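In what follows, a single structure is set out as structure tokens and then discussed.
Ligands are counted one by one from 1 in listed order, and the atoms in each one are counted from 1 as well. When a residue number appears, it is its place in the shown sequence, counting from 1. Quick caveat: nothing in here was measured; it's all calculated off a predicted structure.
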Amino acid sequence: MDETYQRFAERYAAGPVPWDNPEPPPEVVALTAVLPPGRALDLGCGYGRTSIYLAQHGWLVDGVDFIAQAITAARQRAETAGVADRVTFYEASVAELGFLPGRYQLAVDVGCLHALTESQRLAYRDELTRLLEPGATYLLFARLGTRQGEEGPRGMEETAVHTLFTADFVLDKSEIGLTHVEDKSWQSGWFWFRRR
Ligand SMILES: C[S@@+](CC[C@H](N)C(=O)[O-])C[C@H]1O[C@@H](n2cnc3c(N)ncnc32)[C@H](O)[C@@H]1O
């Protein structure tokens, strides 16, 4: 198993994770308020807060995360929320999505892509391109900047986000800011892409 998998597995096993909130981020809520419900993909879904929220608002959702503990809890939470019939959680890598037939009108990634290696990002991008319908929305939240030799997510340069998606996606909007988690702050970005 790769080092990122190990790190996330240990973080989940250690107890509460900072992204374990009942609601998805406001950017997800605002976006889905203006989109007609359809099929959605939640990449790196964690405990499923975005998937469950979308399912509660009429979407049919697939959530993917490679940590078994997160997927087990996400299924339980969907059951408790009464949306288990509208959301399917898969324990899998977001860089290996060949098992999903698609096609989706929406994909959301809150904090996963930046943790991938370069080759995994390319595989993720290629699968996402295959899985999204033309005109579909892809909302990405990523940690920006690269940090070498430190523990924690790798992060990615803002230009790398643009380069990765430029061929098959239009960038409608981006917002760069600071994210505060516990006692740390880091640069981050929200990106609203549309599949060409
Ligand atoms: C910062 S957490 C955010 C979780 C969730 N998106 C949320 O907002 O609550 C990032 C998630 O990405 C998952 N992840 C990271 N790399 C992954 C990979 N290669 N395949 C699948 N999941 C991955 C982690 O297990 C973790 O649950």
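For His57, the ring pair (Phe, Tyr, Trp, His ring centres under 6.0 Å) test picks out Tyr53, with sequence neighbours left out.
Side-chain contact between Ser51 and Val108 is absent, with no heavy-atom pair separated by less than 4.5 Å.
No side-chain donor-acceptor contact under 3.5 Å links Glu96 and Ser93.
The aromatic rings of Tyr12 and Tyr47 lie perpendicular to each other, with more than 60° between the two planes, well past the 30° mark.
No option in Trp192, Trp190, Phe191 other than Trp190 meets the ring pair (Phe, Tyr, Trp, His ring centres under 6.0 Å) test with Phe141. With Leu106 as reference, Thr32 is the one residue of Asp42, Leu132, Leu41, Thr32 to meet the side-chain contact (heavy atoms from CB on, under 4.5 Å) rule.
Within 4.0 Å of ligand 1, heavy atoms belong to protein residues Phe8, Tyr12, Trp19, Gly44, Cys45, Gly46, Arg49, Asp65, Phe66, Ile67, Ala92, Ser93, Val94, Val110, Gly111, Cys112, Leu116.
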